[in-house]
Amino acid sequence: MPSAPPFRAPSGTHDVLPPESARWQALVGRFAALAGQAGYGLVVNPVFEDLGVFQRVGEGTDVVRKEMYAFEDRGGRPLALRPEGTASVVRAYVQHRPTTPWKVWYAAPSFRYERPQAGRYRQHHQLGVEVLGSVDADVDVEVVVLAAELFGALGVRRVTLALNSMGDDACRPGYVALLGAFLDERTDQLCAEHRQRAGEQPLRVLDCKRTECREATAGAPRMLDHLCTACDAHFRRVRDGLDALGIGYQLESRLVRGFDYYTRTTFEFAATALEGAQNAIGGGGRYDGLVEELGGPPTPGIGFGIGIERLLLACDAEGALRLPEATVDVWVVDAVGGAAARDLSWSLRRAGVAADRAFDERSLRAQMKLADRSGARLAVIVGADEQASGTVSLRQLRGNDGAQELVARDRVVARVRELLA
RNA sequence: GUGGCCGUAGCUCAGUCAGGUUAGAGCGCCGCGUUGUGGUCGCGGAUGUCGGGGGUUCGAAUCCCCUCGGUCACCCCA
């Protein structure tokens with residue numbers, strides 16, 4: 001007698017069950033194929049890391065300052081569930097020092113303690129790639145195009161790409177000083193939060209969506225106008241590459257993104273078919289200082305993350321990724337106790353035929369209903385007569401007027417294969 | 001973390017505003033019509049502590065408070 005269940009998935013988490021889980025499989029499978037085809041290997045990282053790994057990477061960011069699942073294990077070690085994928089991959093790079101360029105992809109959960117809503121979860125899942133060890137602008141292009149290709153392969157068309165460059169150590173400090181001076185003169189025009197924090201995070205103010213900040217920064221200096229020669233050339237090559245490959249984008253000088261580690265190229269994909277505010281389906285950028293930050297040798301890097309849940313919502317909104325219902329080829333109906341179903345189903349499966357059966361000695365009628373609903377094309381039926389004569393009845397369930405034939409038990413697999421061919 | 005809305009069978013929902021006999025529908029599920037045959041059709045059946053807890057009342061799905069969950073916006077981002 002069911003009553004209110006004592007437990008449910010924690011707030012902001014969710015179960016993925018069949019048939020929805022098949023879409024996950026398909027999505028990850030497509031991505032794995034695309035990444036593999038481009039020379040990326042799978043990386044699997046721990047779901048928690050030393051707390052310091054993430055603190056080092058984003059001490060000025062909301063994600064790290066107020067959204068982390070941080071805890072101590074029984075040995076008193078400070079740990080945290082990963083809030084994003086890049087830090088773990090970079091930590092693994094520093095630890096193992098693979099030869100470069102190191103091109104990897106992952107599909108893994110991330111954890112952020114936020115107020116849940118549609119498309120925003122406390123445990124969500126990301127597909128991502130990282131490339132470590134190359135400053136080549138063509139890597140930036142490869143990474144961005146890879147994400148775009150995934151959307152295309154899935155049939156998600158209504159996607160916009162925002163592109164920006166954050167500069168590097170040579171030009172960013174000067175720009176930030178310029179921006180800081182600009183903001184200092186109009187602190188009182190900013191929103192409440194940034195009136196306090198504009199000094200420490202001037203770039204954040206550009207990203208603020210509040211109208212006060214928007215208006216106050218309308219005439220602010222743009223990073224893109226202050227790139228040094230090297231960053232400007234790099235950015236130009238990135239844009240040329242995207243143009244050559246037919247990937248459209250919009251320059252977005254306000255695109256700052258949520259992590260401190262970005263340098264040069266940053267980008268964000270939004271699904272415009274999504275109604276809600278949570279329409280960013282992927283984003284990333286270059287992080288040429290991050291490996292050193294985590295104790296490795298100077299090594300440039302770039303990567304992106306794509307939110308699986310949001311991407312699936314975008315698929316829904318566009319009617320993409322509609323999968324046919326999963327079916328087996330054959331359903332084994334056994335009215336004589338179950339042993340025949342047990343043996344025949346495995347004979348078929350061992351021969352590569354997808355087969356299923358009922359349990360619990362259901363009535364013949366009930367088993368036939370299940371056979372029908374399963375979508376199987378054939379029913380293998382064993383009743384008392386077949387049992388006695390060492391045969392089975394093979395019935396066609398899809399069309400052919402339910403044509404039925406009697407087949408010797410040792411010829412079942414061969415005949416089934418013929419009929420399915 | 002802040003604010004608005006919502007929470008009735010497995011699913012989608014009616015009933016809540018004006019508290020009152022055993023809480024309903026459709027779909028799905030199970031069984032039977034056919035003790036050896038599915039799809040259609042017909043008949044029958046099961047399942048709800050009306051999210052949870054407390055309160056008001058003779059009486060609460062319905063009113064009040066708290067809480068949990070969802071959702072929308074802010075914020076942030078995938």
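We name chains A, B, ... by the order of the sequence lines, and we start the count at 1 in each one.
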_Complementary nucleotide of B:G24, counting Watson-Crick and G-U pairs under 3.5 Å_ = B:C13
*Taking for each residue the nucleotide of RNA chain B with the nearest heavy atom, is it A:G119 or A:T13 whose nucleotide lies nearer the 5' end?*
A:T13
*Please measure how far the C1' atom in B:G51 lies from the corresponding atom in B:G44, and state the result in whole Å.*
32 Å
*Hey, does A:Y121 reach any base, or is it just sugar-phosphate, or nothing, if we go heavy atoms under 4.0 Å?*
base
*Counting any heavy atom closer than 4.0 Å, what does A:E67 reach on the DNA or RNA strands: base, sugar-phosphate only, or nothing?*
sugar-phosphate
*Could you tell me whether the phosphate oxygens of B:A78, OP1 or OP2, come under 4.0 Å of any side-chain nitrogen or oxygen in A:Q278?*
no
_Atom-pair distance (CG on A:N279; P on B:C74), nearest Å_ = 11 Å
_Should A:H125 be counted as stacked on B:A78, where stacking needs a ring-centre gap under 5.5 Å and an angle between planes under 30 degrees?_
no
*Rounded to whole angstrom, note down the P distance from B:U62 over to B:A18.*
14 Å
*Take atom CD of A:Q404 and atom C1' of B:G36, then tell me their distance rounded to the nearest Å.*
9 Å
*Atom CG of A:D334 to atom P of B:G36: distance rounded to whole Å?*
13 Å
*Would you classify A:S393 as touching base, sugar-phosphate or nothing, given that sugar-phosphate means primed atoms plus P, OP1 and OP2, and contacts are heavy atoms under 4.0 Å?*
base
*asked:* Counting only side-chain nitrogens and oxygens, does A:S363 get under 4.0 Å of the OP1 or OP2 atom of B:U35?
replied: no
*Angle class for the A:Y287/A:Y261 ring planes (parallel below 30°, perpendicular above 60°, tilted otherwise)?*
perpendicular
*Tell me what A:A384 touches on the nucleic acid: a base, only sugar-phosphate, or nothing, going by heavy atoms under 4.0 Å.*
base
*Whole-Å distance separating the CD atom of A:E268 from the P atom of B:C77*: 8 Å
*asked:* Taking the C1' atom in each of B:U22 and B:C17, what is the distance between them to the nearest angstrom?
replied: 26 Å
*Find out whether the Lys NZ or Arg CZ of A:R91 is both under 6.0 angstrom from the six-membered ring centre of A:Y93 and within 45° of the ring's axis.*
no
*Classify the angle between the aromatic ring planes of A:F269 and A:F151 as parallel (below 30°), tilted (30 to 60°) or perpendicular (above 60°).*
perpendicular
*asked:* Does this structure show an ion pair linking A:K103 with A:E142, if we count only N-O contacts that are shorter than 4.0 Å?
replied: yes
*Could you tell me whether the phosphate oxygens of B:G31, OP1 or OP2, come under 4.0 Å of any side-chain nitrogen or oxygen in A:R362?*
yes
*Of all the nucleotides listed (B:G39, B:C76, B:C77), which has the minimum atom distance to the side chain of A:R204?*
B:C77
_For the P atoms, the ones on B:C5 and on B:C50, what distance do you get once it is rounded to whole angstrom?_
24 Å
_Given B:C32, B:A78, B:C74, the nucleotide with the shortest approach to the side chain of A:R112_ = B:A78
*Measure distances between side-chain N and O atoms of A:Q367 and base N and O atoms of B:G38, and say whether any donor-acceptor pair falls under 3.5 Å.*
no
*May I have the distance from A:R120 (atom CZ) to B:C74 (atom P), rounded to whole angstrom?*
10 Å
*Complementary nucleotide for B:U49 - Watson-Crick or wobble, under 3.5 Å*: none
_Distance, rounded to the nearest Å, where A:L274 contributes CG and B:C72 contributes P_ = 11 Å
*Determine the interatomic distance between P on B:G48 and the same-named atom on B:A23; round to the nearest Å.*
12 Å
*For B:U71, take OP1 and OP2 only and decide whether either is under 4.0 Å from a side-chain N or O of A:R115.*
no
*asked:* Can you identify which nucleotide, out of B:C32, B:U71, B:U37, has its nearest atom closest to the A:M368 side chain?
replied: B:U37
*Could you measure between the two P atoms, the one in B:G70 and the one in B:G24, and give it in whole Å?*
31 Å
*asked:* Quick check on B:C29: is either OP1 or OP2 less than 4.0 Å from any side-chain nitrogen or oxygen of A:R373?
replied: yes
_Ionic contact status for A:D334 with A:R357, cut-off 4.0 Å_ = no
*Centre of A:Y113's six-membered ring, under 6.0 Å away, within 45 degrees of the axis: is that where NZ or CZ of A:R122 sits?*
yes
_How many whole angstroms separate atom CZ of A:R122 from atom P of B:G69?_
7 Å
*Could you give the distance separating B:U16 and B:C6 at their P atoms, to the nearest angstrom?*
14 Å
*Could you tell me the separation between the CZ atom of A:R365 and the C1' atom of B:G33, rounded to a whole number of Å?*
7 Å
_Using the P atom as the point on both nucleotides, what is the distance between B:G7 and B:A14, in whole Å?_
8 Å
_Under 4.0 Å, heavy atoms only, any strand: does A:G284 hit a base, just the sugar-phosphate, or nothing?_
nothing
*Measure from the side-chain heavy atoms of A:D62 and tell me the nearest of B:A73, B:C76, B:G36.*
B:C76
*In terms of side-chain heavy atoms of A:A280, which of B:U71, B:C77, B:G36 is nearest?*
B:C77
*Is the shortest distance from a Lys or Arg side-chain nitrogen in A:D372 or A:R398 to a carboxylate oxygen in the other one below 4.0 Å?*
yes
*Aromatic centroids of A:Y249 and A:F267 separated by under 6.0 Å*: no
*Report which part of the nucleic acid A:A118 touches: base, sugar-phosphate, or nothing (heavy-atom distance under 4.0 Å, all strands).*
sugar-phosphate
